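Because the structure is a prediction, the values reported are computed rather than measured.
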Amino acid sequence: MNVNWNDPGFEGFAGQNPFTARRANRPKKERKSIGTPLGRTAINLLVTLVFGAVYYYIALPPINLKAREFYIFIILLCVVYALCAVLTSGFQGEGVKGYFGFVKKQCKIPLMITALMLATAIVGGIVGWQLFRAASYRDLLEVNPGDFAAEVEEISFKQIPMLDAASAMKLGNRKLGELADMVSQFEVADDYTQINYRGRPVRVTPLRYGDIIKWFNNRSKGLPAYLIIDMVTQNVEVVRLQEGIRYTTAEHFGRNLYRYLRFHYPTYMFDNPAFEIDEEGNPYWVCPRITKTIGLFGGTDINGAVLVNAVTGECTYYDVADVPEWVDHVYTADLILQQYDYHGTYVNGFFNSIFGQRDVTVTTDGYNYLAVDDDVYMYTGITSVVSDESNIGFILSNQRTKETRFYSIAGAEEFSAMDSAEGQVQQMHYDATFPLLLNISDQPTYFMALKDAAGLVKMYAMVNVSQYQIVATGATVADCQSNYRQMLFNNGLIDQEDTAVEPDDLALSEVTGVVTEIRSAVMDGNTRYYVLLDSGDGWFSAAAAEVPELVLLNVGDQVRIRYYAGAGGIAQDIYSLEVAIPVPKDPTVVSE
């Protein structure tokens, strides 16, 4: 007889499956606990503390009830302790219910702490919901009305930033490539913070180590220099330091800026630090301190900043009102944009922001910076939430004090203005940078650079905000401004006397010397001359139609050239040229 021993219906000779019976009667293996209860607790605590120390060193969570990272940190510690308690006590209990009861008995305190943290986070989050606190979110940013023509002065062209961040990066990387003693070990960091330095708009950025091996070889001396990119002249200066920068975001271990801040200010929450220099050229990190003003996690604002000397590591905390005046970046642009969006969205309450949307406004998708009275202001357009291609106005916000003004001027949205400028030179396929807002003859005006495919600035454009069909371009800023003023006059927006451009406005400089070389090239159907003097000031250029004297110029002529200082490019642009004509000798006078 064939017997299927695995047949569950087979009961054998005793009415029972012998293999099932054997497994059922086998005594369950006992899982033994480790040591005494006190010893197990000590092991659990030690493992949890080691995990917590490693996690804290890497993740750097602030010890602050208003930081979500703190709740994650504490809950992780409770989970690690619970797992250790289960392992050291031996898994005991029958079935799911039995194991749960065992875990609950062994981990009562961690479970209570976890439940308490979760309840606190949930309740604190609900209290800060925008549904209930729309008015509080609206009032995070105080916005005052402003008069553009009266409050935004026409600034000198010596102060107009002509470079965007991308162009500044190209110049910075190119400059570092010229330094044989640095290029093999260091790279240029991507900070490029725009500040006012000694009355001029510049971008500053530190170096960083090329890789971990180069960090190991150079960390004892620190980073040897930082870069200053003049946004008007496009000059790049490498500032070498007697003592290197030791505290940066590119460092490792204890000198990493984030870790350094966390160990000195364990309860503070920080926004992204900004690299700046004071008026003496000392490098600092400006580290804004974040606070949550609505519930536990809502209403992000800044209530101060820690200034860290990048060389010595000396750090000092300042309340917002006490931050030194040379500091330009306390309130980040992203924070100001977020707060205005709350202000414009909840102007008439939460439900109005969804249904009806009466008077609801938001910022446009971009921003730029403007230097005013030694402070840096963030500019962005304001548009209706239902509008696509037009602005109802714009805001200027001081990034040190957060003083914000709204200027009610209907006109083109920034990207529409960029399209208009690109369309003016569409045959050249130039790309416009995000515009800067200027006051030209009391007319709000978008100013932007036009770059070629290689990212080099080739021309400049001005677009009237209110009438964006008024577009002027020029190979230099001065030409662009002159053409723009003429177009404003032609459209009846300014008087004839306002079309004149004063030389001071054009940042004119003067040089004299002997012509050593002359070159010419035909560009877009126009002959452009390039002149080199013995003065060592580089090349000067202009189109023959603009400066006819260039056609008759010869090598060896003594000339006086007035030019647009800092116009950029490979040559300075000539405003006027005078040739010194030798005085003929009187033939009746006999030399002794």
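Geometrically, Arg138 does not engage Tyr346 in a cation-pi contact defined by less than 6.0 Å to the ring centre and at most 45° from the axis.
Remark: Tyr258 pairs with no residue by the ring-ring contact (aromatic ring centres under 6.0 Å, His included) rule, at least two apart or across chains. Listed by chain and number, the residues in a side chain to side chain donor-acceptor pair (under 3.5 Å) with Arg219 amount to none (sequence neighbours excluded). Applying the side chain to side chain donor-acceptor pair (under 3.5 Å) rule to Asn368 yields no partners; only residues at least two apart in sequence or on another chain are considered. Residues passing the side-chain contact (heavy atoms from CB on, under 4.5 Å) test with Thr363, sequence neighbours excluded: Leu337, Tyr340, Asp341, Thr380, Ile382. Taking Ser408 as the reference, Phe406 meet the side-chain contact (heavy atoms from CB on, under 4.5 Å) condition, with sequence neighbours excluded. Listed by chain and number, the residues in a ring-ring contact (aromatic ring centres under 6.0 Å, His included) with Tyr137 are Tyr342 (sequence neighbours excluded). Residues forming a side-chain contact (heavy atoms from CB on, under 4.5 Å) with Glu142 (at least two apart in sequence, or on another chain): Asn144. In this view, Glu279 satisfies the salt bridge (Lys or Arg N to Asp or Glu O under 4.0 Å) rule with no residue, not counting sequence neighbours. Among residues two or more places apart in sequence or in another chain, the side chain to side chain donor-acceptor pair (under 3.5 Å) test is passed with Asp319 by Tyr317. For Arg400, the salt bridge (Lys or Arg N to Asp or Glu O under 4.0 Å) partners two or more places apart in sequence, or in a different chain, are Asp375.
Relative ring orientation between Phe447 and Tyr460 is described as parallel, the plane-to-plane angle staying below 30° on a 0-90° scale split at 30° and 60°. Between Trp326 and Tyr284, the two ring planes are tilted [angle within 30° to 60°].
Residues Glu414 and Thr364 bring a donor and an acceptor atom of their side chains to less than 3.5 Å of each other. Under the 3.5 Å distance criterion, with hydrogens and angles disregarded, a donor-acceptor pair is assigned to the side chains of Thr445 and Tyr484.
Inter-residue side-chain proximity for Pro224 and Phe186 is flagged as met; some heavy-atom pair is nearer than 4.5 Å. Under the 4.5 Å side-chain criterion, counting only non-hydrogen atoms from C-beta, Trp285 is not in contact with Leu307.
Counting only residues at least two apart or on different chains, no side-chain hydrogen bond (donor to acceptor under 3.5 Å, both in side chains) pair has a member in residues 53-64. Annotation: side-chain hydrogen bond (donor to acceptor under 3.5 Å, both in side chains) contacts involving residues 188-198, sequence neighbours excluded, comprise Gln194-Arg203.
Here Tyr446 and Phe394 keep their ring centres 6.0 angstrom or further from each other.
When each of Tyr377, Tyr369, Phe275 is paired with His329, the ring pair (Phe, Tyr, Trp, His ring centres under 6.0 Å) condition holds for Tyr369 and for no other. When Gln339, Lys292, Lys66 are each tested for a side chain to side chain donor-acceptor pair (under 3.5 Å) with Thr300, only one passes: Lys292.
When all heavy atoms of Tyr430 and Val425 are compared, the pair lying nearest together is CD1-CG2, 4.1 Å. Smallest separation of non-hydrogen atoms from Arg133 and Gly295: NH1-N, 4.0 Å. When all heavy atoms of Leu257 and Cys287 are compared, the pair lying nearest together is CD2-SG, 4.4 Å. Taking every heavy atom of both residues into account, Ile409 and Phe148 meet most closely at CD1-CB, 3.8 Å. Taking all atoms of both residues into account, the shortest heavy-atom contact from Gly366 to Phe434 is C-CZ, 3.3 Å. Residues Asn439 and Ala149 come closest through the heavy atom pair ND2-O, 3.9 Å.
For Glu151, the CD atom counts as densely surrounded, since its 6.0 Å shell holds more than 12 non-hydrogen atoms of other residues, nucleotides or ligands. Heavy-atom neighbours of Lys214 NZ from other residues, nucleotides or ligands within 6.0 Å: above the threshold of 12. The number of heavy-atom neighbours closer than 6.0 Å to CZ of Phe263, taken from other residues, nucleotides and ligands shown, is above 12.
In this structure, Gln399 contributes its side chain and Tyr331 its backbone to a donor-acceptor pair below 3.5 Å. With hydrogens and angles ignored, the 3.5 Å screen pairs no side-chain donor or acceptor of Arg289 with any backbone N or O of Gly304. Although no hydrogens or angles enter the test, the distance criterion places a donor-acceptor pair under 3.5 Å between the side chain of Glu276 and the main chain of Asp328. A distance-only check finds no donor-acceptor pair linking the side chain of Arg405 to the backbone of Gly146 [under 3.5 Å].
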**OP:** Please report the C-alpha distance between Thr248 and Arg208 in whole Å, then the side-chain angles of each, then the deciding distance to 0.1 Å, and finally whether the side chain to side chain donor-acceptor pair (under 3.5 Å) criterion is met.
**Re:** CA-CA 8 Å; Thr248 76; Arg208 66 183 181 189; over 6 Å; no
